Amino acid sequence: MRTILRSVSVYAALLPALALAPALPAEQPANIAVDLAHPGAAISPQMYGIFFEDINFAADGGLYPELVKNRSFEFSEPLTGWKEIMPISPKGIEPSKGELAILTDKPLNATNPHYLQARVHQAGGYGFYNTGFRGIGVHEGEDYRFSAYVRTDGKSGGPKTIRAEVVDNGKVIASGKLEGFTGEWKKFETVIHASATADHAQLNLYIDDLGAVDMDMVSLFPVDTWKGRPNGLRKDLVQLLADMHPGFLRFPGGCIVEGRQLLTRYRWKTTVGDIAQRKTIINRWNDEFDHKPAPDYFQSFGLGFYEYFQLAEDIGARPLPILNCGMACQFNTNETAKMSELDEYVQDALDLIDFANGPVTSPWGKLRAQMGHPEPFHLEMMGVGNEQWGDRYVDRYKVFAAALKAKHPEIKLVVAAGPAPAGDPFDEMWAHWRELHPDIVDEHYYMSPDWFLSNSTRYDNYDRKGPKIFAGEYAAQTVQSVSPDNRNNWKGAIAEAAFMTGLERNGDVVTMASYAPLMANVHAWQWTPDAIWFDNLRSYGTPNFYVQSVYANNVGTRVVPVTPLVDGDGLYTSATLDERTHELILKA
Ligand code: AHR
């Protein structure tokens with residue numbers, strides 16, 4: 001057998017930090033022995049994946065590159081993001097020549113009941129603008145699709161055009177217009193070209209003629225999205241994910257699945273189909289933290305379940321949707337659906353399997369096909385509840401499991417072990433799971449770097465006959481869990497890398513692992529650390545992200561015994577064999 005030792009080239013990125021570790025003098029060589037004659041357990045092909053949640057403006061204002069904030073006027077404060085352009089003359093600010101109003105009569109559709117009416121009542125034109133997500137970012141030389149549903153009062157002589165200008169520091173850097181309106185709602189669009197790069201521009205809209213014009217779903221969207229799709233994702237961010245070659249994509253979270261109350265839980269059915277019909281709701285991270293309130297944080301669901309499945313497929317990751325199990329976040333209202341009300345929740349889970357895998361003749365498979373994907377998305381697993389715990393959770397899980405296993409025994413179910421890696425809720429949940437034996441148990445650790453270092457052997461003694469483990473959310477908290485001062489730094493990244501040697505070495509028990517959260521907008525985050533940071537134009541992976549990437553790109557197929565596993569001097573090891581390429585992969 002030809003073997004290639006990949007440790008030096010692949011892990012060069014980690015070596016400087018190892019050399020800095022005070023307990024490991026650089027001049028002292030470490031001897032690592034690998035027993036290739038006795039390869040151990042197979043490693044799950046989906047071992048290292050991605051946890052995506054719309055936190056830190058990761059979806060709207062991030063991966064979903066709509067540039068207009070509150071395009072549908074459905075935020076609780078319906079003019080959020082929209083302002084009048086005040087006419088200024090040498091004499092000062094002049095009275096406005098028009099007015100904006102939010103109306104609801106004869107709306108675009110029932111799930112999008114509000115729209116904007118701009119009325120010009122004095123000749124000379126009237127303008128208003130959208131602020132974007134902490135500004136609008138455009139790249140020089142790129143095209144952007146400006147579109148809106150528009151209607152006038154149908155009378156001749158009313159407004160004939162809407163002029164759009166992307167303005168940066170007073171300079172127009174892209175412009176275009178919509179025209180041809182009638183008395184009926186209709187979508188209009190034009191492509192505008194950016195002559196300069198700007199990260200904090202605004203979108204100005206002008207109406208020159210007297211009269212009123214109704215507008216909804218006002219959008220400015222890059223033409224150059226990932227794979228060039230019209231409702232596509234931000235290219236640079238998807239590229240980072242694709243380069244990681246993740247084994248799975250967990251979506252849509254996270255606590256966002258639960259909602260702070262059941263009314264605002266994540267309901268996948270409201271996130272598919274025509275984007276103009278997807279019901280905007282508040283984002284649960286909106287004002288969760290006093291240290292980072294974000295009153296303008298809502299979910300448009302432009303990035304919905306179809307797009308999540310498509311993203312997973314694009315980047316070669318197995319989809320792992322997590323569904324609400326009838327419980328709102330236990331850190332918030334803790335609202336719980338009555339057992340007699342669970343049918344709707346269970347039906348959502350059953351229907352999701354149809355949406356992902358069902359034939360195009362099934363109601364939900366038909367919708368998938370209409371949206372452009374007649375082939376199945378090959379859903380193999382699903383989470384029941386996010387970070388739940390307690391008896392109420394177990395009772396509800398039993399109902400889900402009975403229904404799902406009866407109809408879809410092929411779907412593996414993921415359950416939660418509570419919010420922490422130890423303590424009463426964790427122990428209680430494990431007592432239940434040992435008895436009920438779900439397929440996979442999701443453990444979360446938002447712990448200190450020291451915890452990660454001292455837990456690299458955590459799974460060495462886990463029951464080999466029990467449920468598999470999903471290390472579903474973890475990140476070293478360099479200050480304290482949920483502290484806004486946590487940093488993405490080498491200390492945390494190396495601690496995670498050390499811990500991950502233990503996940504990998506126990507590949508017969510641990511089948512999946514994902515760092516969390518994944519993304520953060522540098523101007524609008526709520527939670528740190530995060531794997532990837534971005535602004536309106538740029539993005540970068542942190543050291544923590546590259547640890548994930550190194551592992552995901554070098555999984556191997558089988559564990560190989562290695563010594564020492566941990567030497568007490570800051571050395572942590574794991575070895576795997578890739579039977580397809582005949583490579584030995586050593587991580588140290
Ligand atoms: O990753 C951030 C949050 O941490 C997730 O939404 C939740 O599941 C956990 O508490």
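Remember, predicted model here, so these are calculated numbers, not experimental data. Order of listing sets the numbers, starting from 1, for every ligand and every atom in it.
Two rings, from F301 and Y306, have their centers 6.0 Å or more apart.
Cation-pi geometry between R458 and F452 is not satisfied (NZ or CZ under 6.0 Å from the ring centre, within 45° of the ring normal).
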Kindly print each ligand 1 N/O atom paired with any protein N/O atom under 3.5 angstrom away, one pair per line, or none if nothing qualifies.
{"residue": "ligand 1", "atom": "1 (O)", "partner": "Y446", "partner atom": "OH", "Å": "2.7"}
{"residue": "ligand 1", "atom": "4 (O)", "partner": "Y446", "partner atom": "OH", "Å": "3.3"}
{"residue": "ligand 1", "atom": "4 (O)", "partner": "E473", "partner atom": "OE1", "Å": "3.2"}
{"residue": "ligand 1", "atom": "6 (O)", "partner": "E53", "partner atom": "OE1", "Å": "2.6"}
{"residue": "ligand 1", "atom": "6 (O)", "partner": "E53", "partner atom": "OE2", "Å": "3.2"}
{"residue": "ligand 1", "atom": "6 (O)", "partner": "C255", "partner atom": "N", "Å": "2.8"}
{"residue": "ligand 1", "atom": "8 (O)", "partner": "N386", "partner atom": "ND2", "Å": "3.0"}
{"residue": "ligand 1", "atom": "8 (O)", "partner": "E473", "partner atom": "OE1", "Å": "3.0"}
{"residue": "ligand 1", "atom": "8 (O)", "partner": "E473", "partner atom": "OE2", "Å": "2.7"}
{"residue": "ligand 1", "atom": "10 (O)", "partner": "E387", "partner atom": "OE1", "Å": "2.7"}
{"residue": "ligand 1", "atom": "10 (O)", "partner": "E387", "partner atom": "OE2", "Å": "3.1"}

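By the neighbour-count criterion of 12 heavy atoms within 6.0 Å, atom CD of Q261 is densely surrounded, having more than that number from other residues, nucleotides or ligands. Counting non-hydrogen atoms of neighbouring residues, nucleotides and ligands closer than 6.0 angstrom, the NZ atom of K269 exceeds 12 such neighbours.
In this structure, I281 and F298 have side chains that are not in contact, with every pair of non-hydrogen atoms separated by 4.5 Å or more.
Under 4.0 Å is where a charged nitrogen must lie from a carboxylate oxygen, and between K412 and E380 no such pair does.
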